[in-house]
Number of protein chains: 2
Amino acid sequence: MVKLTQHRQAILDLINASNRHWDADEVARALSDAGQSVGIATVYRGLAALEAAGLLDSIQLADKKRYERADKAHHDHMICTECGHIEEFTHATIEALQLVAAQERGFELSGHQLTMFGRCKSCSQE
Amino acid sequence: MVKLTQHRQAILDLINASNRHWDADEVARALSDAGQSVGIATVYRGLAALEAAGLLDSIQLADKKRYERADKAHHDHMICTECGHIEEFTHATIEALQLVAAQERGFELSGHQLTMFGRCKSCSQE
DNA sequence: ATGATAATGATAATGATTATCATTTCTATC
DNA sequence: GATAGAAATGATAATCATTATCATTATCAT
């Protein structure tokens with residue numbers, strides 16, 4: 001299990017108190033703004049450690065990784081290609097079908113990432 | 001529409017003749033081995049242009065982008081975290097449910113990527 | 001206290017991708 | 001066929017997220 005140092009606790013608290021998807025740089029900047037400066041390398045290591053421990057979730061985007069709270073039900077993401085807005089959605093049937101598809105191929109599933117791209121509601125109304 | 005220059009045709013032919021998922025470097029190396037050297041920048045530009053024209057498909061992995069033929073039915077990917085093997089699968093119901101989920105949220109869907117991670121059949125038998 | 005182990009921070013290194021810019025190749029038009 | 005303008009190419013520098021390095025510091029069990 002992870003050692004919850006002060007720095008890691010600060011990272012975790014920051015993300016848990018929000019509903020956003022943070023990249024490493026944003027975390028470092030926010031902590032710094034809060035008077036709790038943490039080196040960028042430590043932020044990267046902390047985020048990875050917290051995710052490995054199941055205390056954070058992440059999505060891998062084309063250019064970077066973003067972290068979010070792990071204390072929510074599993075969900076996938078819709079990303080607006082215009083404004084960057086990230087919307088979450090859950091679909092039990094899709095999840096179940098994925099598992100079946102994997103089993104049919106003798107695949108031992110350990111994770112997945114479903115990301116949909118398009119224009120969000122407000123952007124497509126403009 | 002894209003201009004199908006000699007270089008781009010060579011890239012397209014190479015990928016169309018295979019069933020693999022290529023990264024830019026592999027394409028450049030293969031062309032070079034075939035006596036048809038193409039600068040790496042041109043490979044990147046060519047791949048992007050061919051994808052924009054719908055002549056190639058791609059998947060975005062954590063570290064890099066990989067391209068494959070576009071003349072196959074739409075499919076998603078299962079990636080073995082042990083040997084790197086990429087398996088393709090299609091699931092009409094999952095596709096349909098994604099569309100519904102998007103519509104429910106007023107989302108104008110333009111694309112998606114579903115990637116599953118785990119151990120492939122042969123790796124999990126070891 | 002004390003030594004072992006892990007964490008931290010500054011910074012260098014890595015690696016994929018993109019930008020720059022001079023040169024070359026195309027293409028349409030005269 | 002010559003020619004101007006547009007697009008493509010290639011060598012290489014630049015970018016940017018992430019990881020590695022390594023000296024220093026904190027933590028924890030004995």
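Note that the structure is predicted; figures quoted are calculated from it, not measured. In what follows, chains are A, B, ... by sequence order, proteins preceding strands, each numbered from 1.
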Rounded interatomic separation in angstrom, taking [atom1] from [X] and [atom2] from [N]:
X: B:L4; N: C:dC26; atom1: CG; atom2: C1'; value: 14 Å
X: A:R45; N: C:dT5; atom1: CZ; atom2: P; value: 19 Å
X: B:E26; N: C:dA16; atom1: CD; atom2: C1'; value: 13 Å
X: B:I11; N: D:dG10; atom1: CD1; atom2: C1'; value: 13 Å

To the nearest 0.5 angstrom, please state how far the SG atom of A:C120 sits from the CD atom of A:E87.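 The CD atom of A:E87 is 7.5 Å from SG of A:C120, to the nearest 0.5 Å.
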Could you grab the distance from atom CD1 of B:I86 to atom NE2 of B:H21, nearest 0.5 Å is fine? 5.0 Å
Quick check on C:dT8: is either OP1 or OP2 less than 4.0 Å from any side-chain nitrogen or oxygen of A:R8?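 Indeed, a polar side-chain atom of A:R8 lies that close.
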For a quick test of reading the model: is some side-chain N or O of B:Y44 closer than 4.0 Å to OP1 or OP2 of C:dT18?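 No, no such contact exists.
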Of B:Q6 and B:D25, whose nearest nucleotide on DNA chain C comes first from the 5' end? B:D25
Of B:I40 and A:A41, whose closest DNA chain C nucleotide lies nearer the 5' terminus?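 Upstream on the strand: A:A41.
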Contact residues, residues 57-65 of chain B to DNA chain D [heavy atom, < 4.0 Å]: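 Nucleic-acid contacts, sorted: none.
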Could you list the donor-acceptor pairs under 3.5 angstrom formed by side chains in residues 109-116 of chain A, with sequence neighbours left out?
from: A:S110; atom 1: OG; to: B:F117; atom 2: O; distance (Å): 3.2
from: A:H112; atom 1: ND1; to: A:Q98; atom 2: OE1; distance (Å): 3.2
from: A:H112; atom 1: NE2; to: A:H74; atom 2: NE2; distance (Å): 3.2
from: A:H112; atom 1: NE2; to: A:D76; atom 2: OD1; distance (Å): 3.4
from: A:H112; atom 1: NE2; to: A:E95; atom 2: OE2; distance (Å): 3.4
from: A:Q113; atom 1: OE1; to: A:Q60; atom 2: N; distance (Å): 3.2
from: A:Q113; atom 1: NE2; to: A:Q60; atom 2: O; distance (Å): 2.9
from: A:Q113; atom 1: NE2; to: A:T115; atom 2: OG1; distance (Å): 3.3

B:S58 (side chain) donor-acceptor with B:R66 (main chain) under 3.5 angstrom: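 Between the backbone of B:R66 and the side chain of B:S58 there is no qualifying donor-acceptor contact (under 3.5 Å).
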Electrostatic pair A:R29-A:D25, nearest N-O below 4.0 angstrom: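 Salt bridge flag = yes for A:D25 with A:R29.
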Partners of B:E108 by salt bridge (charged side-chain N to carboxylate O under 4.0 Å, His left out), sequence neighbours excluded? A:R119
Return the set of residues passing salt bridge (charged side-chain N to carboxylate O under 4.0 Å, His left out) with B:R105 (not counting sequence neighbours), or none when no residue passes.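 So B:R105 forms no salt bridge (charged side-chain N to carboxylate O under 4.0 Å, His left out) with any residue.
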Nearest of D:dG10, C:dT11, C:dG9 to any side-chain atom of A:H7?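 Side chain of A:H7 sits closest to C:dG9.
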Assess the side chains of B:E68 and B:H75: does a donor N or O sit below 3.5 Å from an acceptor N or O? yes
For DNA chain D, write out the stems as range with range, using runs of 3 or more consecutive Watson-Crick or G-U pairs with both distances under 3.5 Å. C:1-30 with D:1-30
How would you label the contact of A:T5 with the nucleic acid (heavy atoms, under 4.0 Å): base, sugar-phosphate, or nothing? sugar-phosphate
Pair listing, ring-ring contact (aromatic ring centres under 6.0 Å, His included) test, anchored in residues 86-107 of chain A, at least two apart: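 For residues 86-107 of chain A: none.
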